[in-house]
Amino acid sequence: MMRTRPLKVALLGCGVVGSEVARIMTTHADDLTARIGAPVELAGVAVRRPSKVREGIDPALVTTDATALLKRGDIDVVIEVIGGIEPARTLITTAFENGASVVSANKALLAQDGAALHAAAEKHGLDLYYEAAVAGAIPLVRPMRESLAGDKINRVMGIVNGTTNFILDKMDSTGAGYQEALDEATALGYAEADPTADVEGYDAAAKAAILAGIAFHTRVRLDDVYREGMTEVSAADFASAKRMGCTIKLLAILERAADGQSVTARVHPAMIPLTHPLASVREAYNAVFVEAEAAGRLMFYGPGAGGSPTASAVLGDLVAVCRNKLAEATGPGESAYTQLPVSAMGEVVTRYHISLDVADKPGVLAQVATTFAEHGVSIDTVRQQGRPDGVGNEASLVVVTHRAPDAALSGTVEALRKLDTVRGVASIMRVEGE
């Protein structure tokens with residue numbers, strides 16, 4: 001039976017995502033009512049600049065006092081799309097204290113303080129949903145914590161930042177350099193004026209922490225995630241990747257150790273074979289590859305950012321939370337029963353692609369090979385050629401290793417830097433997905 005009293009929703013933030021959430025709530029009101037079993041009503045919108053014209057939103061709903069809105073006593077659900085740590089953290093806690101469930105898109109906050117927020121939600125018997133915090137419109141969080149709840153996930157590898165994927169895709173397809181591709185991304189609105197959070201991997205690392213916690217039923221914080229940016233990736237790296245039948249992507253990689261006693265979480269650029277499903281992900285799209293024991297290999301793909309895609313994920317959570325409200329129940333909360341430690345990057349076993357500028361004379365290759373052997377790293381292939389810039393007494397030496405602990409590979413690189421015959425380490429990149 002349809003309930004006539006509406007469920008009241010407070011919206012915190014009304015930027016690109018928040019305004020689209022408000023629009024869909026209005027234009028799809030009848031459908032949302034039918035799907036939930038009760039009408040939903042936008043009861044207030046908290047913003048920083050109340051004078052700004054917001055099309056489709058009643059100015060009477062707009063307030064700068066978010067705390068007062070949450071303490072009214074009649075709010076059922078709070079949608080938080082402010083971003084950042086504060087005041088979002090305090091406002092979400094206030095929402096729980098005043099009986100409102102929360103839908104959030106705040107990846108940074110969840111990666112840093114997800115455990116505390118889940119505990120607050122559980123204490124008050126309320127929901128905390130956050131599908132929109134990872135990979136935009138792609139249904140990923142809920143399938144991992146609900147549909148795969150009976151399975152064992154061993155590995156998650158994905159492209160979770162659209163800006164970086166756009167830049168790398170342009171470098172791959174057009175031969176552009178990093179700065180040229182970044183300038184195009186900025187002009188098209190894919191990159192912020194300050195792209196640091198994206199290109200240095202901070203955004204992807206926050207998403208990686210959230211996904212690792214869900215996948216492995218353990219607490220993984222942002223500080224646990226190894227992170228490397230992609231600003232040093234060059235056109236020469238793409239040329240080398242193509243010779244190997246690979247391309248380059250900024251990847252979030254989450255793995256359960258073979259013995260099941262620890263996990264790793266990392267974000268960095270990597271070469272992947274063109275035959276891997278992630279290699280064909282183009283433009284600003286996201287894709288996540290999940291490997292589970294029973295389900296096997298699953299691929300989630302779609303737009304990873306933008307107002308409409310992110311709002312779609314927010315509204316999906318809103319419907320689920322409102323249904324729970326009507327049923328006087330809650331959905332799944334934090335699952336961290338395994339309490340697995342997060343291993344350091346040095347323990348990760350991977351392959352390396354290393355490009356060296358070396359002296360063009362006999363014995364150099366043997367000296368380099370000896371350095372690898374001394375550190376317990378086996379060489380897979382070696383390619384030597386003259387320098388393309390025409391430097392007559394130098395050569396370019398490209399070494400691809402077999403799998404080895406990352407610490408051993410890093411130690412090898414440091415030893416190579418000290419050799420008199422090595423003029424410079426031009427590029428270092430991991431090779432994944434094989």
Side-chain angles (χ1 to χ4, degrees), residues 104-115 117-118 128-136 138-161 201 203-227 249-268 270 272 276-278 281 286-302 304 313 317 331-345 347-350 432-433:
S104 176
N106 196 330
K107 54 188 171 287
L109 178 57
L110 289 160
Q112 178 171 306
D113 288 323
L117 295 178
H118 274 293
L128 173 62
Y129 275 49
Y130 44 89
E131 185 67 66
V134 182
I138 304 173
L140 180 61
V141 171
R142 208 175 310 161
M144 285 180 61
R145 73 174 185 171
E146 295 183 34
S147 302
L148 295 174
D151 208 338
K152 182 180 180 182
I153 297 174
N154 290 317
R155 195 167 194 256
V156 178
M157 183 166 76
I159 299 163
V160 295
N161 183 278
D203 175 86
K207 296 168 181 175
I210 295 169
L211 291 178
I214 297 169
F216 306 132
H217 303 277
T218 196
R219 287 177 178 167
V220 180
R221 288 170 50 91
L222 180 59
D223 292 345
D224 296 321
V225 181
Y226 174 84
R227 177 198 55 78
K249 299 292 186 182
L250 183 74
L251 298 177
I253 304 174
L254 323 169
E255 294 175 300
R256 188 191 301 268
D259 62 6
Q261 299 305 302
S262 64
V263 299
T264 56
R266 50 194 168 110
V267 167
H268 54 73
I272 58 172
H276 194 283
L278 291 177
V281 178
N286 283 190
V288 178
F289 201 68
V290 178
E291 299 179 32
E293 282 196 358
R297 295 180 174 184
L298 307 171
M299 176 102 154
F300 299 85
Y301 169 84
D317 279 351
E334 182 189 34
S335 176
Y337 70 92
T338 63
Q339 299 183 11
L340 296 173
V342 182
S343 297
M345 183 63 190
E347 298 179 41
V348 171
V349 177
T350 187
E432 301 287 345

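Heavy atoms only: backbone and side chains are in, while hydrogens, waters and symmetry mates are out.
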Distance to the ring centre below 6.0 angstrom and angle to the axis at most 45 degrees; does that hold for R145 and Y130? yes
Measuring only between side-chain heavy atoms, which start at C-beta, is R142 closer than 4.5 Å to D317? yes
Using every non-hydrogen atom in the two residues, find where V288 and L278 come nearest and quote the distance to one decimal. N-CD2, 4.4 Å
For a side-chain contact (heavy atoms from CB on, under 4.5 Å) check, start with the C-alpha distance between T264 and M345, then their side-chain angles and the critical distance, and finish with the verdict. CA-CA 7 Å; T264 56; M345 183 63 190; over 6 Å; no
With R256 via salt bridge (charged side-chain N to carboxylate O under 4.0 Å, His left out) - residues at least two apart: none
Drop me the distance from Y337's OH to T218's OG1, to the nearest 0.5 angstrom. 10.0 Å
Please find the pair of heavy atoms, one from V267 and one from G201, that lie closest to each other, and give the distance. CG1-O, 4.1 Å
Side chains of residues 107-114: which donor-acceptor pairs under 3.5 Å do they make with residues two or more places apart or in other chains?
residue	atom	partner	partner atom	Å
K107	NZ	D203	OD1	3.3
D113	OD2	R89	NH1	2.3

Got a salt bridge between R219 and E334, using NZ or NE/NH1/NH2 to carboxylate O under 4.0 Å? yes
If I take atom CD1 from residue I138 and atom CG from residue N286, how far apart are they, to the nearest 0.5 angstrom? 5.0 Å
In short, Y129 meets G331 closest at the heavy-atom pair OH-CA, 3.4 Å
Validation row: E255, R266 side chains within 4.5 angstrom (heavy atoms): yes
Rounded at 0.5 Å granularity, tell me how far CD1 in I153 sits from CD1 in I214. 8.5 Å
Heavy-atom distance under 4.5 Å between the side chains of M144 and I210, does that happen here? no
Shortest non-hydrogen contact from H217 toward S335: ND1-OG, 2.7 Å
If you take all heavy atoms of G433 and H276, which pair is closest and at what distance? O-CD2, 3.5 Å
Side-chain donor/acceptor of K249 to backbone N/O of V281, under 3.5 Å: yes
Do E293 and D151 have side chains that get closer than 4.5 Å, going by heavy atoms? yes
In this structure, CG of L251 is separated from NE2 of H268 (nearest 0.5 Å) by 7.0 Å
What are the two closest heavy atoms between V160 and A252, and how far apart are they? CG2-CB, 4.1 Å
Does the side chain of I253 come within less than 4.5 Å of T350's, by heavy atoms? no
Can you find a heavy atom in the side chain of M157 that is under 4.5 Å from one in the side chain of P277? no
Give a yes or no answer on whether the side chain of S262 reaches the backbone of A257 with a donor-acceptor pair at less than 3.5 Å. no
Does V263 reach the side chain of L254, with side-chain heavy atoms less than 4.5 Å apart? no
